There are 2 protein chains.
Amino acid sequence: MCEFVVISDCKLEILIVMCSVRTQQKERTRRNIINAALNQLSADKSFASLSLREVAREAQIAPTSFYRHFKDMEELGLTLIDECGLALRQLMRKARKRFEQGGSVIVTSVDTFMEFTEQNPNIFRLLFHERSGTTFALRTAVAREIQFFIVELSDYLHERGFSRDSSYAQSEAMVAIVFNAGAESLDALSQQRGLIAKRAVTQLRYIASGAKLQHLG
Amino acid sequence: MCEFVVISDCKLEILIVMCSVRTQQKERTRRNIINAALNQLSADKSFASLSLREVAREAQIAPTSFYRHFKDMEELGLTLIDECGLALRQLMRKARKRFEQGGSVIVTSVDTFMEFTEQNPNIFRLLFHERSGTTFALRTAVAREIQFFIVELSDYLHERGFSRDSSYAQSEAMVAIVFNAGAESLDALSQQRGLIAKRAVTQLRYIASGAKLQHLG
DNA sequence: ATATTTGGCGTACAAGTGTACGCTAAAAAG
DNA sequence: CTTTTTAGCGTACACTTGTACGCCAAATAT
């Protein structure tokens with residue numbers, strides 16, 4: 001067992017632990033499991049319909065070895081949601097950079113988001129589906145990820161003079177609409193996607209100008 | 001086998017068919033199956049996680065008898081969605097009557113909808129969850145039910161001077177927000193439900209006044 | 001050098017699944 | 001009355017699932 005001998009050696013110790021053959025290998029098959037799970041998600045296969053054995057099979061380990069990494073499928077699910085949430089947040093940071101160098105905030109954000117759902121449909125599906133899933137822990141985890149968006153946007157609006165309540169109401173509505181558009185585009189033909197995005201922009205503009213009218217005169 | 005002897009006897013014939021002992025009994029167990037399925041839906045059990053055998057057990061029939069009524073679980077699912085959609089549409093007709101005799105359209109609609117989700121959480125869950133489910137046919141069926149709402153509301157707005165595009169964008173956004181609020185309230189404490197409804201009203205007002213500002217001057 | 005920890009495997013089991021097949025009794029048709 | 005139709009049942013089968021248990025070999029600790 002590894003243990004920390006001296007506090008000042010902390011970083012070194014961690015480094016050693018990370019590089020140890022065992023930990024490295026363990027991390028690798030952990031990733032295999034995660035990737036196997038993500039890989040099996042599709043329009044016809046939700047996380048709830050994955051089985052431990054299927055995942056293990058694709059990860060090239062024995063079913064029972066799964067337990068060396070996750071307590072059960074729920075724990076794997078939480079991990080997946082964390083990862084997907086992170087990916088989504090990174091994306092929105094990218095959007096922020098994009099529109100800070102000019103262009104419409106709304107258009108840029110919608111486009112960025114729609115690009116994401118188009119390129120990572122299964123990740124988006126996971127979040128969207130488990131939001132109304134049958135496992136409380138997963139629902140909560142997804143809600144938390146979405147909350148990140150709402151709060152971030154809400155802060156942005158608050159800085160621009162809206163009250164906290166109004167900022168939150170606007171943000172929540174906007175996020176709901178963007179997610180709705182994303183979901184809609186999943187089953188849509190690629191020709192219709194542009195239309196969906198355009199409509200989402202219109203809808204966000206309604207909210208923005210409606211809120212402005214009511215709260216900033 | 002029943003058959004129609006003369007065209008003019010059509011209605012009578014149908015009446016006879018409906019009252020025949022067999023058809024009556026068949027209809028009864030069909031309802032048992034449907035009710036059994038609805039009964040098993042809960043926060044922890046989605047339609048996708050129901051099994052044919054479980055449903056049959058609760059409906060008090062042998063597993064194989066299920067096939068006398070539905071080709072498979074998917075067909076049962078479609079039936080459930082039809083029923084739930086119908087219930088929801090009836091509800092909104094009630095809302096219409098309510099606000100035609102005075103009161104805010106938005107507040108009345110939101111309140112009616114939130115009442116519904118509170119009193120029939122499982123019906124709402126079914127629609128909401130299968131909207132992003134793994135069965136294309138079910139997703140489509142739910143989308144169609146939601147479309148009813150959007151189109152109805154859209155017509156209402158079109159009559160009031162908005163262009164077709166603007167009406168549709170507004171309606172879609174409003175429905176998305178109301179559904180979002182409904183979903184949010186499912187896991188919320190009953191104390192928070194009022195707040196959620198109030199926020200939804202605010203959000204709908206933003207859309208309404210934003211659209212008005214941009215399209216009606 | 002010796003002892004311990006641990007990631008991974010194979011076996012085994014009980015429980016559940018969908019559904020094919022053939023039978024029966026009662027209702028409907030002739 | 002006789003024949004046909006059919007809702008429902010019981011049996012049976014081939015799968016799949018989660019997971020308990022014990023073993024092994026290699027990495028790590030002592």
Side-chain angles (χ1 to χ4, degrees), chain A residues 1-6 9 12-34 36-37 40 44-77 134-135, chain B residues 1-6 9 12-37 40 44-77 79 134-135:
Chain A
M1 175 66 82
C2 283
E3 57 181 43
F4 301 92
V5 189
V6 193
D9 283 349
L12 180 61
E13 190 66 32
I14 288 174
L15 199 71
I16 292 168
V17 170
M18 297 304 286
C19 292
S20 103
V21 177
R22 256 214 200 123
T23 340
Q24 214 172 358
Q25 176 56 29
K26 180 164 187 179
E27 191 54 36
R28 200 177 308 149
T29 85
R30 189 185 141 95
R31 276 244 62 87
N32 284 347
I33 294 175
I34 293 175
Q40 301 203 349
D44 311 306
K45 197 123 197 163
S46 72
F47 176 76
S49 64
L50 291 187
S51 79
L52 186 152
R53 287 177 107 107
E54 270 179 313
V55 173
R57 211 175 302 136
E58 176 146 347
Q60 311 227 51
I61 56 170
T64 47
S65 299
F66 179 93
Y67 296 108
R68 301 288 185 198
H69 303 271
F70 301 97
K71 203 189 101 210
D72 50 24
M73 284 297 281
E74 179 176 320
E75 199 170 290
L76 172 59
T134 52
T135 322
Chain B
M1 174 65 85
C2 282
E3 58 180 43
F4 302 93
V5 188
V6 194
D9 283 350
L12 179 62
E13 191 65 34
I14 288 174
L15 200 70
I16 291 169
V17 170
M18 297 304 284
C19 290
S20 101
V21 176
R22 258 219 197 117
T23 338
Q24 216 172 358
Q25 175 57 27
K26 180 163 187 182
E27 191 54 35
R28 201 178 306 149
T29 85
R30 189 186 140 96
R31 276 244 63 86
N32 284 348
I33 294 175
I34 293 174
N35 290 336
Q40 301 202 350
D44 310 308
K45 196 125 197 161
S46 71
F47 177 76
S49 64
L50 292 187
S51 80
L52 185 152
R53 286 178 107 106
E54 270 178 313
V55 172
R57 210 175 302 134
E58 177 146 345
Q60 310 226 53
I61 57 170
T64 47
S65 300
F66 179 93
Y67 297 108
R68 301 288 184 197
H69 303 268
F70 300 98
K71 202 187 102 210
D72 50 24
M73 284 297 281
E74 179 176 319
E75 198 169 292
L76 173 58
T79 307
T134 51
T135 321

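Protein chains get the first letters and strands the later ones, always in sequence-line order, with residue 1 at the start of each. Not measured: the values here are computed from a predicted model.
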### Task
Quick one: pull up CG in B:N35 and CZ in B:R30 and give me the separation to the nearest 0.5 Å.
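Atom-to-atom, B:N35:CG and B:R30:CZ are 11.0 Å apart.
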## Note on the structure
When rounded to the nearest 0.5 Å, the distance separating CG of B:N32 from CD1 of B:I61 is 8.0 Å
### Task
Under 4.0 Å from any atom of DNA chain C, heavy atoms only: list the residues of residues 46-62 of chain A that qualify, in numerical order.
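By residue number: A:R53, A:I61, A:A62.
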### Query
So which of residues 65-76 of chain A are in contact with DNA chain C, with a heavy-atom cut-off of under 4.0 Å?
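Nucleic-acid contacts, sorted: A:S65, A:R68, A:H69.
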#### Entry: Pairs meeting criterion salt bridge (Lys or Arg N to Asp or Glu O under 4.0 Å) with involvement of residues 45-61 of chain A, two or more places apart
A:K45-A:E54
In this structure, how many angstroms lie between the [atom2] atom of [N] and the [atom1] atom of [X], rounded?
X: B:K26; N: D:dG8; atom1: NZ; atom2: P; value: 8 Å
X: A:Q25; N: C:dC9; atom1: CD; atom2: C1'; value: 14 Å
X: A:Q24; N: C:dG8; atom1: CD; atom2: P; value: 13 Å

### Message
Determine whether a donor-acceptor pair (one donor, one acceptor, N or O, separation below 3.5 Å) exists between the side chain of B:T64 and the base of C:dG18.
### Response
no
## Note on the structure
Of all heavy-atom pairs linking A:A56 and A:P63, the shortest is CB-CA, 3.8 Å
### Task
Could you tell me whether A:Q25 atom CD has more than 12 heavy atoms of other residues or ligands within 6.0 Å of it?
yes
Tabulate below the donor-acceptor pairs under 3.5 Å that side-chain atoms of residues 69-76 of chain B make, not counting sequence neighbours, or state none.
residue, atom, partner, partner atom, Å
B:H69, NE2, B:T29, OG1, 3.0
B:D72, OD1, B:E74, N, 3.2
B:D72, OD1, B:E75, N, 3.1
B:E75, OE2, B:K71, N, 3.4

### Summary
Residues passing the salt bridge (Lys or Arg N to Asp or Glu O under 4.0 Å) test with A:R31, sequence neighbours excluded, are A:E83
### Task
Could I get the full list of salt bridge (Lys or Arg N to Asp or Glu O under 4.0 Å) partners for A:R22, not counting sequence neighbours?
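Partners of A:R22 under the salt bridge (Lys or Arg N to Asp or Glu O under 4.0 Å) test: none.
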### Query
According to a strict under-4.0 Å criterion, is B:S20 in side-chain N/O contact with OP1 or OP2 of C:dA27?
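Answer no for this pair, as no side-chain N or O of B:S20 is under 4.0 Å from OP1 or OP2.
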